[in-house]
Peer 1: 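Just dropping this structure here.
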Amino acid sequence: MSSNQLDKKSQSWSALFAEPMSELVKRYTSSVTFDKRLWRADIEGSLAHAEMLAHQKIISSTDYDEIVKGMRRISEEIHNNQFEWKLDLEDVHLNIEARLTQMVGDAGKRLHTGRSRNDQVATDVRLWLRDEIDEICDLLKHFQHSLVEVAEANVEVVMPGFTHLQVAQPISFAHHMLAYVEMLGRDLERFKEVRVRVNRLPLGSAALAGTSYPLDRERVARTLGMVDKEGTPCVCQNSLDAVSDRDFAIEFTSAAALCMVHISRMSEELVLWMSQNFGFIKLSDRFTTGSSIMPQKKNPDVPELARGKTGRVVGHLMGLLTLMKGQPLAYNKDNQEDKEPLFDSVDTLKDTLRIFDEMMGGQEEAKTGVKSGGIQVNAQAMEEAALKGYATATDLADYLVRKGLPFRDAHEAVAKIVRLAQNSNKGLSELNITELKAVNTSIEEDVFEVLTLKGSLNARSTLGGTSPAQIRLQIDRLKNHFRERD
Ligand code: ARG
């Protein structure tokens, strides 16, 4: 049989059609250029389906053996880049099935018994996404580890904490890093929750209504590892829903977009901190670029791009939501458009997590154990910035409250003192006791302890606060948590 004949034959609907598709329509409707990356999942799903067909005696065990043999060779071909992907065969499913039939004949043609590409593609995307989620979770965990290490090395480093980007109160740089560890922790939770709903089996729904063959869907789910914690198979319970809804992809992209938003916030800070006006940090040269015209420049391209790429992933979320909103039950070809946004969201998030892990935490050389990369912290610049902004004003108010003033009066008194300091171009701790007493007589020598950055930090020892003692507790808690988790 010539390959042309085979291609025609493999299109199950072709006998009905009087004229061939135009080249443009072929290109427009095909998806193989991008969905071929689902090939592993496609073969895995097909093998599980075939095994069940044989077990149920719907196909013979000889046919099953042939299918296994053929799929093994196809996997090798694809893996070694020897597989010829054909646009004529539209998508990954038809390409693989046609090659199988070419290799093993009728056994290959029997594989599609009780199955449609509609339940096949929904299964493939779920299998593929499940593995990607696992990788993303590992990357998130590693990034969290790295940030905790950065925090541990910088517990005593004081920086200004901001609200409205105005200096607010002194905080520890470690505290700032740990805020991101929390955000990433919730991202991780979200991905794990999404995984539960991704890991359910559409196969066996056939085109939309189920099938007349005596399939054992739970057996297929078990083979594919689509089971819950107790080992109970997770099978989509309504065939119309199973083949048509892509909410699992939308949920995933939503979690991905949110995770990118967190990284984007960090990016914004890194860009600010790297500017000459802040000078808080440096990034290793390999994460920055120069300017072709201004020789003095080092630009934070990586964080800027992450901020930009966040827009892309947020866009993909909007794209997928919009893709779904007008679709009547059950499957519509619209759904073929789910793949590119989903793939790009996965790729963008994974790359971003990898690069940020290395940029922030550094990468450990396997041989030497020495780290390269990693954020370089300018503790002095941070401290000077914290001293500039009257960041201990709240501490002074709290001090006056302890001396018996109602908080609102204390607030007023401190506002006067800040004005005094501004007028004489001094920091709060540089005012002398006479100047302070002139505003409020209850101020005494012990005030200077609370006006220092260290004093301010140490005072904030409530759970979740920025005192070094509290941060050390948090670091211990996180490390214990990681030990149990990883
Ligand atoms: N390539 C298709 C997709 O991605 C596979 C399903 C095609 N089903 C169909 N009835 N045309 O959705």
Side-chain angles (χ1 to χ4, degrees), residues 7-17 20-22 24-46 48-49 74 78 83 85-101 109 111-130 132 198 200-211 236 238-250 252-253 316 319-347:
D7 292 355
K8 265 199 205 124
K9 286 218 147 196
S10 65
Q11 292 178 349
S12 48
W13 33 263
S14 64
L16 193 65
F17 290 74
M21 240 182 212
S22 81
L24 177 59
V25 174
K26 217 183 273 173
R27 191 153 53 74
Y28 195 73
T29 55
S30 73
S31 53
V32 66
T33 48
F34 51 86
D35 69 12
K36 62 183 177 194
R37 74 186 275 180
L38 295 173
W39 69 270
R40 268 182 224 280
D42 193 67
I43 291 177
E44 195 188 349
S46 286
H49 180 67
I74 291 173
I78 300 176
F83 190 90
W85 297 101
K86 294 179 185 153
L87 206 64
D88 281 347
L89 290 169
E90 202 180 310
D91 57 23
V92 61
H93 323 293
L94 293 179
N95 266 273
I96 291 179
E97 196 187 325
R99 180 75 181 121
L100 181 72
T101 302
K109 291 189 200 162
L111 170 63
H112 212 50
T113 314
R115 186 177 76 164
S116 149
R117 270 187 299 155
N118 297 352
D119 56 348
Q120 187 179 357
V121 67
T123 304
D124 290 4
V125 176
R126 284 170 183 266
L127 286 174
W128 174 83
L129 187 57
R130 181 183 69 183
E132 295 294 337
V198 168
R200 289 177 189 161
L201 181 78
L203 216 56
S205 302
L208 75 162
T211 171
C236 299
N238 181 295
S239 59
L240 298 170
D241 174 43
V243 295
S244 67
D245 204 351
R246 296 291 182 268
D247 58 354
F248 67 91
I250 296 175
F252 167 82
T253 311
H316 292 327
L320 287 174
L321 284 166
T322 315
L323 174 71
M324 209 67 242
K325 74 177 270 296
Q327 285 193 51
L329 298 187
Y331 176 85
N332 304 279
K333 187 81 166 180
D334 310 38
N335 278 340
Q336 184 162 290
E337 288 291 308
D338 66 353
K339 289 172 200 61
E340 285 161 297
L342 188 62
F343 294 167
D344 188 65
S345 298
V346 165
D347 293 341

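Both ligands and their constituent atoms are indexed starting at 1 by order of listing.
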Peer 1: Please check if the number of heavy atoms outside K325 that lie under 6.0 Å from its NZ is greater than 12.
Peer 2: no

Peer 1: What residue and heavy atom of the protein are closest to atom 1 (N) of ligand 1, and at what distance?
Peer 2: Q336 OE1, 2.8 Å

Peer 1: Within ligand 1, which atoms have a heavy atom of D91 less than 4.0 Å away?
Peer 2: 1 (N), 2 (C), 5 (C)

Peer 1: Could you work out, with side-chain hydrogen bond (donor to acceptor under 3.5 Å, both in side chains) as the rule, every residue matching T253, not counting sequence neighbours?
Peer 2: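 By the side-chain hydrogen bond (donor to acceptor under 3.5 Å, both in side chains) rule, T253 matches no residue at all.
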
Peer 1: Regarding atom 9 (C) of ligand 1: of the candidates D119, N118, V243, which has the closest heavy atom?
Peer 2: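 The nearest heavy atom belongs to N118.
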
Peer 1: How close does the nearest protein non-hydrogen atom get to atom 11 (N) of ligand 1, and which residue and atom is it?
Peer 2: R117 NH2, 3.6 Å

Peer 1: Touching ligand 1 at all, K339? Heavy atoms, strictly under 4.0 Å?
Peer 2: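 K339 counts as a contact of ligand 1 under the 4.0 Å cut-off.
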
Peer 1: Answer yes if the side chains of Q336 and D91 hold a donor-acceptor pair under 3.5 Å, and no otherwise.
Peer 2: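 Checked: Q336/D91 side chains show no N/O donor-acceptor pair below 3.5 Å.
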
Peer 1: Hey, which atoms in ligand 1 end up nearer than 4.0 Å to a heavy atom of S31?
Peer 2: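 So the atoms of ligand 1 that pass are 1 (N).
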
Peer 1: For atom CZ of R27, decide whether the heavy atoms of other residues, nucleotides or ligands shown that lie under 6.0 angstrom number more than 12.
Peer 2: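 Open: at most 12 neighbouring heavy atoms sit under 6.0 Å from CZ of R27.
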
Peer 1: Within the 4.0 Å heavy-atom shell around Y331, which atoms of ligand 1 are there?
Peer 2: 2 (C), 3 (C), 6 (C), 7 (C), 8 (N), 9 (C), 10 (N), 12 (O)

Peer 1: Looking at F248, does the NZ or CZ of R200 lie under 6.0 angstrom from its six-membered ring centre and within 45 degrees of the ring axis?
Peer 2: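 Judged by the rule, R200 and F248 form no cation-pi pair.
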
Peer 1: With side-chain contact (heavy atoms from CB on, under 4.5 Å) as the test, pick out the partner of T123 among D42, L38, L203, N118.
Peer 2: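 Exactly one candidate clears the test, L203.
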
